[in-house]
Amino acid sequence: MDIALSDDLRAFQMEVRTFLEDSLSPEIREAARLCTTIVPEHGATMAWHGILYRKGWVAPNWPEEHGGPGWNVVQRYIFARECARAGVPRQWPGGLSLVGPAIMGYGSAEQKAYYLPRILSGEDLWCQGYSEPGSGSDLASLQCRADREGDDYVINGSKIWTSYAHYANRMFCLVRTSMEGKPQAGITFLLLEMDTPGIRVEPIHIMGGDHEFNRVFFQDVRVPQSNRVGAENEGWTVAKYLLEFERGGDARAARQRTRLVEARRLATARRKSDGRSLLEEPGFAADLASLEIELDTVEFTELRAMAEIAKRGNPGTASSMLKTRATEVQMAISELAMRAIAYYAAPHQPEERLAGANLEPIGQRDEMSITARYLNDRAASIYAGSNEIQRNIMAKMVLGM
Ligand SMILES: Cc1cc2nc3c(=O)[nH]c(=O)nc-3n(C[C@H](O)[C@H](O)[C@H](O)COP(=O)(O)OP(=O)(O)OC[C@H]3O[C@@H](n4cnc5c(N)ncnc54)[C@H](O)[C@@H]3O)c2cc1C
């Protein structure tokens, strides 16, 4: 396979590189570097969103008619790689990567005209109301119900593990509208505003000490029927379509490459009592080399998913393969980084790793996030559909088992 870039693409790459170098403030860079969850500290995430929006590059994967930059699949990949290389903050995926494509695919003309520009501008932040206590992998068993009353649905129930519900002003949500037939056949896809009376958001703190997700309670929450995407009881189709975007279409390999380079640097920097670096230890060096190779395989799987998007408009089953391999490698890399900093992994110093903190850390400042990232990364094989479920999908859809 010829993977050399043409002159045009090389020029594009330089344009992106220059823009990123000129636009990233030290504060945004630091927030991204210290990030231990999906996206960095909220202020920095939104500041970066605004910069990309003003440049017209906030939604690289969107079609031009909806405000995307009109890039082809290779340009999108180059952009994602350059972003990872420059250490830009990851963007919150709720609107841009999840509900945005779902509205494009299944929304009405009015919904497209209203919601898509607001996602681009950052005016709307979306959270995902899928999981419930007792309905995670078996999502179709969800019980949060919506009953028709006049022009509205009235929602009662709860959602759990709702990332960023404490920042989001909107939620896309799966609700039960019928108990007839198969569980999948009674689900409806709704869009709602988080300040609607009857919604309560309670924080859940994760193992690394961060507040990323929440439990959300609904008591007699009224949502206009016009906020439905697709037909009543046909929300499962929209939900499945959206999940493919959640599991693919991203530049995971490039981001993890940055983490692996960081682990290598940390291992080189720390000297043991005999003056040698960890990198000189055959066991560590072999694990590092093996992860570098595995990351290459993730990168090529990513290219396959991109090719699928270019051909069919969505990543298809390649997204399950990518999600599984990419998260396995991600978890192994954060474990290697922990090994690299050895005893300095032990102190728990959440305040020191806030961007702009002036507290004196134990150990080096760039080691502060390693442990929290390792702990939070344990969730990578669970969120966006657990890796066991991805294997079930591959067995059925790819192998025909
Ligand atoms: C960090 C994080 C962020 C999240 N953010 C959101 C969010 O914003 N919105 C949202 O709706 N949800 C969110 N989730 C929830 C996530 O989608 C669920 O945790 C996930 O789908 C698994 O569901 P569960 O936790 O109920 O586990 P369960 O479904 O109870 O699974 C428990 C274990 O059993 C295994 N298992 C279950 N069924 C099978 C099977 N059929 N075959 C083989 N193995 C099986 C699973 O792989 C897992 O290991 C988030 C989760 C995490 C960890």
Side-chain angles (χ1 to χ4, degrees), residues 35-40 42 45 90-100 102 125-144 155 157-176 183-184 187-192 194 199 201-218 235-236 238-240 242-247 250 252 319-320 323-324 326-328 330-331 334 372-397 399 401:
C35 171
T36 62
T37 54
I38 297 172
V39 290
H42 189 60
T45 305
R90 209 176 152 195
Q91 286 166 275
W92 174 238
L96 289 167
S97 306
L98 300 178
V99 79
L125 276 186
W126 289 85
C127 62
Q128 178 182 35
Y130 276 21
S131 307
E132 296 178 10
S135 299
S137 303
D138 183 15
L139 188 59
S141 69
L142 63 92
Q143 295 298 315
C144 183
I155 307 179
S158 75
K159 295 288 170 182
I160 197 165
W161 319 126
T162 321
S163 301
Y164 297 96
H166 51 307
Y167 289 126
N169 63 327
R170 294 186 190 274
M171 173 190 273
F172 56 95
C173 184
L174 293 178
V175 288
R176 177 149 306 284
Q184 288 85 344
I187 291 173
T188 298
F189 192 105
L190 291 183
L191 310 175
L192 53 87
M194 291 299 283
I199 297 182
V201 177
E202 288 192 357
I204 301 175
H205 290 274
I206 51 180
M207 212 166 32
D210 301 276
H211 174 197
E212 180 185 309
F213 50 35
N214 305 273
R215 183 148 181 202
V216 182
F217 295 90
F218 301 87
W236 191 248
V238 185
K240 275 198 309 188
L242 181 150
L243 282 174
E244 282 187 19
F245 287 91
E246 187 173 16
R247 292 165 190 163
D250 195 3
R252 293 163 181 270
S319 67
S320 291
K323 198 267 163 173
T324 309
T327 50
E328 284 168 354
Q330 174 183 344
M331 290 160 82
S334 57
R373 194 175 297 141
Y374 164 81
L375 293 171
N376 293 341
D377 272 358
R378 297 310 94 191
S381 61
I382 303 171
Y383 58 66
S386 78
N387 287 7
E388 289 77 21
I389 295 300
Q390 302 308 321
R391 288 195 175 87
N392 287 350
I393 294 172
M394 287 184 268
K396 198 167 151 198
M397 308 298 288
L399 304 175
M401 292 164 74

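Note that ligands are numbered from 1 as they come in the structure, with each ligand's atoms numbered from 1 the same way.
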- Only one of Ile38, Thr37, Thr162, Ile206 passes side-chain contact (heavy atoms from CB on, under 4.5 Å) with Phe213; say which it is. Ile206
- With backbone taken as N, CA, C and O and side chain as the heavy atoms from C-beta onward, which portion of Ser386 lies under 4.0 Å from ligand 1: side chain, backbone, both, or neither? side chain
- Query: Is there a heavy atom in Arg391 that sits closer than 4.0 Å to ligand 1?
  - Reply: no
- For Thr45, check side-chain contact (heavy atoms from CB on, under 4.5 Å) against everything at least two apart and list the hits. Val39, Pro40
- Rounded to the nearest 0.5 Å, what separation is found between the NE2 atom of His166 and the CD atom of Glu212? 8.0 Å
- CE on Met194 to CE on Met171, rounded to 0.5 Å: 4.5 Å
- Message: Within the 4.5 Å heavy-atom criterion, are Phe218 and Leu192 side-chain neighbours or not?
- Response: yes
- Region of Ile38 that comes within reach of ligand 1 [heavy atoms, distance under 4.0 Å]: neither
- Per-atom filter on ligand 1: closer than 4.0 angstrom to a heavy atom of Asn392 are 40 (C), 41 (N), 42 (N), 43 (C)
- Item | Trp161, any N or O under 3.5 Å of ligand 1 N or O | yes
- ligand 1 versus Lys159: contacting region, heavy-atom distance under 4.0 Å: neither
- For Tyr130, the ligand 1 atoms with a heavy-atom partner under 4.0 Å come out as 11 (O)
- Message: If you compare all heavy atoms of Ala380 against all heavy atoms of Lys323, which two are closest, and at what distance to 0.1 Å?
- Response: O-NZ, 2.9 Å
- Task: Examine the proximity of ligand 1 to Phe213 and report which part, side chain or backbone, both or neither, has a heavy atom under 4.0 Å away.
- Result: side chain
- Message: I'd like to check whether Glu388 has a polar contact with ligand 1, where a contact means an N/O of the residue lying under 3.5 Å from an N/O of the ligand.
- Response: yes
- Query: Going by the order shown, which atoms of ligand 1 are within less than 4.0 Å of some heavy atom of Ala379?
  - Reply: 1 (C), 53 (C)
- Item | Which residues share a salt bridge (charged side-chain N to carboxylate O under 4.0 Å, His left out) with Glu328, sequence neighbours left out | Arg325, Arg391
- Query: Counting only heavy atoms not in Met207, do more than 12 fall under 6.0 Å of its CE?
  - Reply: yes
- Indicate, as side chain, backbone, both or neither, the part of Leu139 found under 4.0 angstrom from ligand 1 when only non-hydrogen atoms are considered. neither
- Message: I'd like to check whether Asp138 has a polar contact with ligand 1, where a contact means an N/O of the residue lying under 3.5 Å from an N/O of the ligand.
- Response: no
- Message: Please list, in number order, the atoms of ligand 1 under 4.0 Å from a heavy atom of Ile389.
- Response: 38 (N), 39 (C), 40 (C), 41 (N)
- Kindly identify the option in Ser137, Pro93, Gly136 whose heavy atom sits closest to atom 31 (O) of ligand 1. Ser137
- Task: Flag Gln128 as yes when one of its N or O atoms lies below 3.5 Å from any N or O atom of ligand 1, and as no otherwise.
- Result: yes
- Task: Flag Ser131 as yes when one of its N or O atoms lies below 3.5 Å from any N or O atom of ligand 1, and as no otherwise.
- Result: yes
- Does the side chain of Phe189 come within less than 4.5 Å of Leu174's, by heavy atoms? yes
- Straight-line distance of Gln390 CD to Ser137 OG, nearest 0.5 Å: 9.5 Å
